[in-house]
Structure formats: structure tokens, C-alpha cells
Amino acid sequence: MLQLNYIRENTKEVIEKLNIKNFDAKEIIPKLIDLDNKRKETQKQLDDSLFESNNLAKEIGVLFKSGKQKEANGLKEKTAQLKSLSKEYSDNLILIEKELNDILLQIPNLPHNSVPKGKRAEDNIIVHQEGDVPDLTKDALPHWDIASKYDIIDFELGNKITGSGFPVYKAKGAKLQRALINFFLDNALKEGYTEYQPPLMVNEDSGYGTGQLPDKEGQMYHVSIDNLYLIPTAEVPITNLFRNMIVKAEELPYKCVAYSSCFRREAGSYGKDVRGLNRLHQFDKVEIVQIQHPDKSYQTLEEMRGYVAGLLRLLELPFRTLRLCGGDMSFASALTYDFEVYSAAQQKWLEVSSVSNFESFQSNRMKLRFREKEGKPQLAHTLNGSALALPRIVAALLENNQTNEGVKIPKALVPYTGFDLL
RNA sequence: GGAGAGAUGGCCGAGCGGUCGAAGGCGCACGCCUGGAAAGUGUGUAUACCCCACAAGGGUAUCAUGGGUUCGAAUCCCAUUCUCUCCGCCA
């Protein structure tokens with residue numbers, strides 16, 4: 001959520017930047033400022049009338065104590081009037097604040113200066129590419145065929161017990177999952193991250209905190225009986241660990257890593273690119289999250305980007321890094337790098353990681369602040385990235401490393417799988 | 001699921017109708033003491049919003065949340081949420 005004061009002081013810039021995200025704020029911003037003025041005015045009225053009431057109450061108290069019943073009763077009549085006035089102001093204030101908040105919640109984050117304008121994925125900028133695309137034979141198989149050839153992932157079984165988008169991993173396929181998770185976690189630990197195992201369901205407040213609510217309500221599975229949401233990423237519980245906190249500046253950054261299953265309804269995306277492991281309702285992911293000082297968050301973003309690139313290098317996968325354009329970025333992000341891995345049989349780039357700086361957008365929603373030795377608390381910056389999401393990594397590994405003897409496991413992973421051929 | 005107890009500041013904990021943003025302790029910060037440290041000692045130590053120059057100063061709100069009673073509520077009443085204990089069930 002943007003800060004109202006910032007909007008007030010930088011109206012023009014805000015409108016222009018939101019435009020890069022394809023959000024037309026020309027009308028909404030003046031309305032917001034107007035509402036804020038009303039809010040201040042009403043606040044003042046309320047405070048003044050409460051001030052008067054408080055004073056009267058004190059006076060009455062003194063009069064009662066000194067036995068001046070009559071005078072006290074006289075004053076009481078005055079308070080009734082004030083009271084209904086206060087009620088009116090306060091009802092009004094609540095209404096205005098609600099309206100303000102509703103609008104603010106719907107405004108996306110401002111993009112960083114380096115974010116290109118654009119509407120679609122094609123407008124993203126490729127900032128880096130490395131690794132050789134393997135030279136496969138003509139009869140190379142897509143990963144779903146490899147999966148059934150070696151009987152390591154069963155999509156039909158998943159269909160039967162749950163539905164499409166819920167694959168069942170078997171035998172070496174299951175082991176490979178476990179290996180990847182451990183591999184990713186261990187690497188993050190080496191990098192100084194602290195491991196967490198968060199709940200897989202979160203409450204509404206957490207959903208609002210990281211920005212999934214109200215923006216993406218329909219994309220999360222909702223457990224209505226207890227009003228909880230299945231997490232679409234560990235970002236949600238992990239970042240919300242810090243909700244409503246004021247931490248010391250010298251304790252920053254907080255570096256957290258968590259493995260979790262992720263659940264996404266993916267409503268509206270049926271039909272396209274959904275074969276095999278390309279798009280699932282449930283998948284595994286290791287996520288890194290950092291809470292950082294505003295002065296250092298972009299440096300941290302680059303570090304995280306370097307870290308993710310290192311993982312892909314270890315896995316010997318050809319990949320590229322994209323700077324997302326305004327239209328392709330998430331609601332809450334100020335700058336996002338996507339990592340895509342080339343899956344050779346499908347001949348497709350698959351997104352395996354998204355690394356973002358949210359600046360103070362999430363922390364403003366969740367009141368995550370830090371304090372310098374001197375001065376008032378300030379909003380911290382939050383960042384996160386996938387490191388990494390498993391299914392598409394598996395897809396690329398299966399496709400790119402297929403040989404007549406079997407699928408080769410990258411060297412770095414062999415200690416984790418216990419086998420080098422699948 | 002049944003029965004009971006409870007929710008107060010960073011933490012512990014008092015307060016049970018007015019002088020309470022809240023005693024006391026711990027922690028933390030700064031100072032004194034000390035050769036240095038410990039101990040001791042002094043001072044300070046919530047957040048948001050409003051007025052105002054985002055200064056000084058002033059005002060309002062916040063003792064789980066929301067409502068109510070009252071001139072006045074951390075204190076009384078109701079609802080909700082959460083936590084704990086015991087029983088039941090159970091990985």
C-alpha cells in the first residue's frame with residue numbers, strides 16, 4: 001500500500017509511475033486527496049468535541065466529590081448534546097477512513113525507475129542469458145512422456161484422487177523432489193538464511209499483509225469453515241512473521257528461507273501451457289525472503305538475483321533473466337526479475353523464479369517498521385524470490401538431460417539423490 | 001467436542017468506576033561511580049492520528065477485538081476472537 005503522504009506530495013510522479021503499470025490513477029488520486037482532507041477535518045472536529053466532553057466529565061467528577069449534586073446534574077445535560085455530536089463525527093470518520101483504505105488497497109505499487117513500460121510478457125527485457133541449449137535428437141520427449149516412461153510422475157493418479165494439476169511423484173521422482181528441496185535449503189543456509197517451516201494456511205490479515213488480498217482473492221484456495229487460505233507461496237506466512245513489528249535497524253536484514261508446498265487455483269488459465277508440470281495447483285517451492293533497510297534493498301535485490309543465478313548454474317540449466325515490464329509485474333512489486341529455464345524438448349522458456357523488491361508496499365500494509373538509534377520508526381523494505389520452484393526445474397532437467405541410458409542428474413544434485421541416472 | 005480459567009506497555013506483573021498511558025520489576029539507552037568491569041545509583045524508555053513550520057507546544061485514541069451501561073470504563077455488561085488447564089478424540 002502506498003503512503004498517503006507520499007501521494008500527496010508527489011501526485012504527478014505517482015500518476016505517471018502508475019501509468020507504467022497500466023493503472024490509470026488520474027481520477028482516483030485527486031479523489032483520494034479530497035477524502036484525506038475530509039478525514040483531517042473530521043478528525044479535528046471529533047477530537048475537539050471529545051476534548052470538551054473529557055473536560056466536562058472531569059468537572060462533574062470534582063463537583064460530585066465536593067457534594068455539589070445540583071451543579072453536577074446541570075453539567076450532565078450539556079454532555080448529552082456533545083455526546084451525540086461526537087458520535088456523528090466518529091461515524092463519519094469511520095466511513096471516510098474505510099473509503100480511503102479501500103481505495104488505497106486497490107492501488108498497485110509504484111514501479112522502480114528502471115521498469116520498462118509494457119503490457120505483455122513480450123515487453124519484458126532480457127538482461128542476462130547463459131548456458132548452452134542442449135542439442136537433442138529429433139525423437140526427444142517432452143517431460144510428461146519421460147515421466148511416464150520411467151514411471152516417476154503419475155498425472156492420472158493425481159487426477160483420480162484429487163484433480164488435474166495435482167501430480168503424484170513416485171519412486172525416483174519422489175526422491176528427486178526431496179533432493180531438490182534439500183539442495184535448495186542447504187544452499188540458502190550456506191548463504192546465511194535462517195530456515196523456517198511455516199504453516200501452509202494463513203488468516204485474512206496475512207493475506208492482506210503481503211497483498212494477495214483483496215487483489216487476488218480468487219487465486220487462493222479458501223478453507224471457508226475456518227476462514228483460512230492455503231498459501232500460494234511461503235512468501236505469505238514468512239513475510240507476515242514480521243507483521244506489526246518494530247525491529248532495530250542494526251538487526252536488518254532478516255534473511256529467511258522456507259520450503260513449502262504452494263497452492264494456486266490458477267483460475268482462468270486453463271488450456272494454455274498447462275501440460276505436465278508446466279502449471280500446477282499444488283507444487284513445491286523453496287522461497288527466500290529478506291527484510292531490509294530501504295537504503296540497501298536494491299543492493300539486496302541484486303544479491304538475491306545473483307544467488308538464484310548461481311543455483312541454476314549448479315543445476316547446469318540454460319537460463320535467462322528478465323526485467324519485467326510494468327504490465328507483467330505483480331501488484332505489489334516495485335522491481336521484478338524473472339528467471340526462465342530453457343526446456344529443450346518443449347522448446348520453451350519456463351519461469352522458475354521471480355525475485356522482487358516490494359520496497360515499503362507490503363510493510364506499509366503490515367506495519368513492519370524498524371527504528372534507528374534516533375528518530376521515529378520507518379517502514380522497512382521487503383524482498384523475496386523463489387529459490388527455486390520445483391516443477392519446471394524438474395521439467396527442464398528431464399527434457400534437457402535425457403539420453404539413451406536415462407536422464408542424467410547434474411553433479412551438484414547427485415549427493416542428494418543418491419543416483420546419477422534416472 | 002464438553003468443563004473451567006484468562007487476555008494490561010519489549011517482557012513479567014499490579015490495578016477492578018474518576019487523579020490510569022497505566023504502580024513495581026526486568027530489559028534497553030544515556031549519565032554518575034570505577035584503573036576497567038560487576039554491583040550500586042540517577043534520568044529516560046509505546047504507537048498512530050489531528051492542530052502547528054513533519055520545531056516547541058497542545059489535543060485525540062489505544063489495557064485482545066467490536067458493541068453497550070455511565071457525566072466518566074483497563075476496571076461493569078454483552079458478543080466475538082485467541083490462549084491456557086482438565087476431560088474426550090487423535091497423527
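Within every chain, numbering begins at 1; the chains are lettered A, B, ... in the order of the sequence lines, protein sequences first and strands thereafter. We use all heavy atoms of the structure for the numbers below, so side chains are in, but hydrogens, waters and symmetry mates are not.
- B:A91 and B:C84: their C1' atoms are spaced 22 Å apart (whole Å).
- Both distances falling under 3.5 Å, in either a Watson-Crick or a G-U wobble arrangement, place B:C71 opposite B:G18.
- When the C1' atom of B:U47 is taken as reference, atom CZ of A:F370 falls 16 Å away, rounded to whole Å.
- Checking B:A91 for Watson-Crick or G-U wobble geometry (two distances, each under 3.5 Å) identifies no partner in any strand.
- Remark: B:C84 base-pairs with B:G4. Criterion, Watson-Crick or G-U wobble with two distances under 3.5 Å.
- Separation of the A:Y337 and A:H128 ring centroids does not fall under the 6.0 Å cut-off.
- With C1' as the reference atom, B:G6 and B:G13 are 14 Å apart, rounded to whole Å.
- Distance check on atom C1': B:U8 versus B:C16 gives 12 Å, rounded to whole Å.
- In terms of position along RNA chain B, the nucleotide closest to A:E52 lies nearer the 5' end than the nucleotide closest to the other residue of the pair A:L56 and A:E52.
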Footprint string (nucleotides 75-83 of chain B, 5' to 3'): B base within contact, S backbone only, - free, heavy atoms under 4.0 Å
---------

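- Distances were taken from every side-chain heavy atom of A:N54 (C-beta onward) to each of B:C71, B:A46, B:U60; the shortest belongs to B:U60.
- Each of A:K248 and A:D48 was assigned the nucleotide of RNA chain B with the nearest heavy atom; the assignment lying further toward the 5' end belongs to A:K248.
- For residues 145-160 of chain A, the side-chain hydrogen bond (donor to acceptor under 3.5 Å, both in side chains) pairs, not counting sequence neighbours, are A:D151-A:K170.
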Report, one pair per line, the protein and nucleotides 49-54 of chain B atoms (nitrogen or oxygen only) whose separation is under 3.5 Å.
unit_1: B:C49; atom_1: O3'; unit_2: A:R39; atom_2: NH2; d: 2.4
unit_1: B:C49; atom_1: O2'; unit_2: A:Q43; atom_2: NE2; d: 2.8
unit_1: B:C50; atom_1: OP1; unit_2: A:R39; atom_2: NH2; d: 2.7

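- Listed by chain and residue number, nothing satisfies the ring pair (Phe, Tyr, Trp, His ring centres under 6.0 Å) test with A:F23 (two or more places apart in sequence, or in another chain).
- Partners of A:E399 under the salt bridge (charged side-chain N to carboxylate O under 4.0 Å, His left out) rule, at least two apart in sequence or in another chain, do not exist in this structure.
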Sequence neighbours excluded and cut-off under 3.5 Å, please list the side-chain donor-acceptor pairs for residues 256-263 of chain A, or say none.
unit_1: A:Y259; atom_1: OH; unit_2: A:D284; atom_2: OD1; d: 2.7
unit_1: A:S261; atom_1: OG; unit_2: A:D284; atom_2: OD1; d: 3.1

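- Protein atom CG of A:L63 is 16 Å distant from nucleotide atom P of B:U19, rounded to whole Å.
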